Number of protein chains: 2
Amino acid sequence: MVCEERIIAADVLKAMAHPVRLGVIEILADGERTVTQLYEELGCSQSMMSQQLKILCQQKLVDIRKEGTQKYCSLCNRDFLKLFDCMHRHLRRFLNFQD
Amino acid sequence: MVCEERIIAADVLKAMAHPVRLGVIEILADGERTVTQLYEELGCSQSMMSQQLKILCQQKLVDIRKEGTQKYCSLCNRDFLKLFDCMHRHLRRFLNFQD
DNA sequence: TAATGATATTATTATATCGATATATTTGGC
DNA sequence: GCCAAATATATCGATATAATAATATCATTA
């Protein structure tokens with residue numbers, strides 16, 4: 001990776017580095033959801049969800065399609081889901097995370 | 001992942017989400033380096049490197065061993081290197097990154 | 001066309017991060 | 001004990017991010 005590439009990669013990582021945004025990705029791993037479903041399931045405000053989704057879309061982590069008055073969210077790139085297993089193990093092995 | 005876990009996972013991701021810190025991980029993938037080697041290779045200041053290494057160590061991404069007056073840095077968890085391939089592809093496929 | 005449900009935007013405040021500079025600490029050799 | 005090399009810490013202004021509340025937009029339906 002060249003320097004310029006690392007700057008962009010850092011932005012993608014930053015977009016994932018937030019508990020709500022990680023929650024969104026995790027839920028969407030299971031399939032499409034509307035914006036309302038997402039913020040209800042994650043217990044955050046509608047405004048918060050809208051802002052976090054914007055960040056995820058900018059980095060092309062989440063895709064949104066419109067259907068009438070609702071918007072359906074889905075993952076752009078399921079490849080990143082590997083990261084969750086990896087992280088899961090890291091927290092337990094290196095950061096003593098207890099279930 | 002439960003909510004508490006996502007907060008910690010977000011901290012780990014944040015620790016990676018910086019061009020210099022990504023550079024460190026990339027270089028260390030190739031093997032151990034001293035602090036001086038790292039900041040020279042990445043072209044940043046000694047102070048900057050020391051600060052960034054601290055963040056990487058806190059999240060147990062990098063390990064440091066002392067030998068005399070120098071410190072040798074290495075990766076704690078090579079598992080995260082997968083992320084680089086993944087990111088490489090994401091930048092090209094979804095964010096139109098040109099080499 | 002007015003009301004309603006779904007979502008987005010804006011503004012604000014608090015807090016965190018960045019990058020630079022200056023200074024401190026530690027260690028080994030003399 | 002003193003010096004130099006290697007590394008760490010403290011501070012500071014600038015910028016970015018977070019969280020919340022208030023308001024706006026947009027599409028549907030009555």
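As the structure is a prediction and not an experimental result, all values here were calculated from the model. Reminder, nothing fancy here: chain letters follow the sequence lines and each chain counts from 1.
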Q) About how many Å separate CE of A/M49 and SG of A/C73, when rounded to the nearest 0.5 Å? A) 8.5 Å

(Q) If you define the side chain from C-beta out and look only at heavy atoms, does anything of A/F80 sit under 4.5 Å from A/I25? (A) no

Q. Within the structure shown, what part of the strands sits under 4.0 Å from B/S50 by heavy-atom distance: base, sugar-phosphate, or nothing?
A. base

Q. Which part of the nucleic acid, if any, lies within reach of A/Q46 when heavy atoms closer than 4.0 Å are counted: base, sugar-phosphate only, or nothing?
A. base

Q: State plainly whether the residues A/K82 and A/D85 are in salt-bridge range, i.e. N to O under 4.0 Å.
A: no

Contacts under 3.5 Å, N or O only, protein and nucleotides 15-21 of chain C:
residue	atom	partner	partner atom	Å
C/dG19	OP2	B/H18	NE2	2.9
C/dA20	N6	B/Q51	OE1	3.4
C/dT21	O4	B/S47	OG	2.8

Q. Between atom CD in B/Q37 and atom P in D/dA5, what is the gap in whole Å?
A. 17 Å

Q) If the sugar-phosphate is the primed atoms plus P, OP1 and OP2 and the base is the rest, what is the B/S/- string for nucleotides 25-30 of chain D, using protein heavy atoms under 4.0 Å? A) --SS--

Q | Nearest-angstrom distance from the residue atom NZ of B/K71 to C1' of C/dT25 | A | 10 Å

(Q) If I take atom CD in residue A/Q59 and atom P in nucleotide D/dT17, what distance separates them, rounded to the nearest angstrom? (A) 10 Å

Q) When A/N77 is tested against each of B/R89, B/R93, B/H90 for side chain to side chain donor-acceptor pair (under 3.5 Å), which residue passes? A) B/H90

Q: Go through the steps for B/E4 and B/R6 under the test salt bridge (charged side-chain N to carboxylate O under 4.0 Å, His left out), then give the verdict.
A: CA-CA 5 Å; B/E4 167 69 6; B/R6 284 193 210 114; over 6 Å; no

Q) A/L38 CG to C/dA8 C1': how many Å, rounded? A) 15 Å

**Q.** Value in whole Å for how far the P atom of D/dA6 lies from CZ of B/R33
**A.** 17 Å

Q) B/Y39 OH to D/dA6 P: how many Å, rounded? A) 7 Å

Q. Going by an N to O cut-off under 4.0 Å, is there a salt bridge joining B/D30 and B/R33?
A. yes

Q: Inspect the contact between B/E5 and A/R92 and indicate whether a charged nitrogen and a carboxylate oxygen are less than 4.0 angstrom apart.
A: yes

Q | Residue-phosphate contact under 4.0 Å: B/K54 side-chain N/O, D/dT7 OP1/OP2 | A | no

**Q.** B/L53 CG to D/dT7 P, straight-line distance once rounded to whole Å
**A.** 9 Å

Q: Any chance you could measure A/R65, atom CZ, to A/S74, atom OG, to the nearest 0.5 Å?
A: 7.5 Å

Q: Kindly indicate whether the side chain of A/F84, heavy atoms from C-beta on, has any atom under 4.5 Å from the side chain of A/L22.
A: yes

Q: Round to a whole Å and report the spacing from CD1 of B/I64 to P of D/dA6.
A: 16 Å

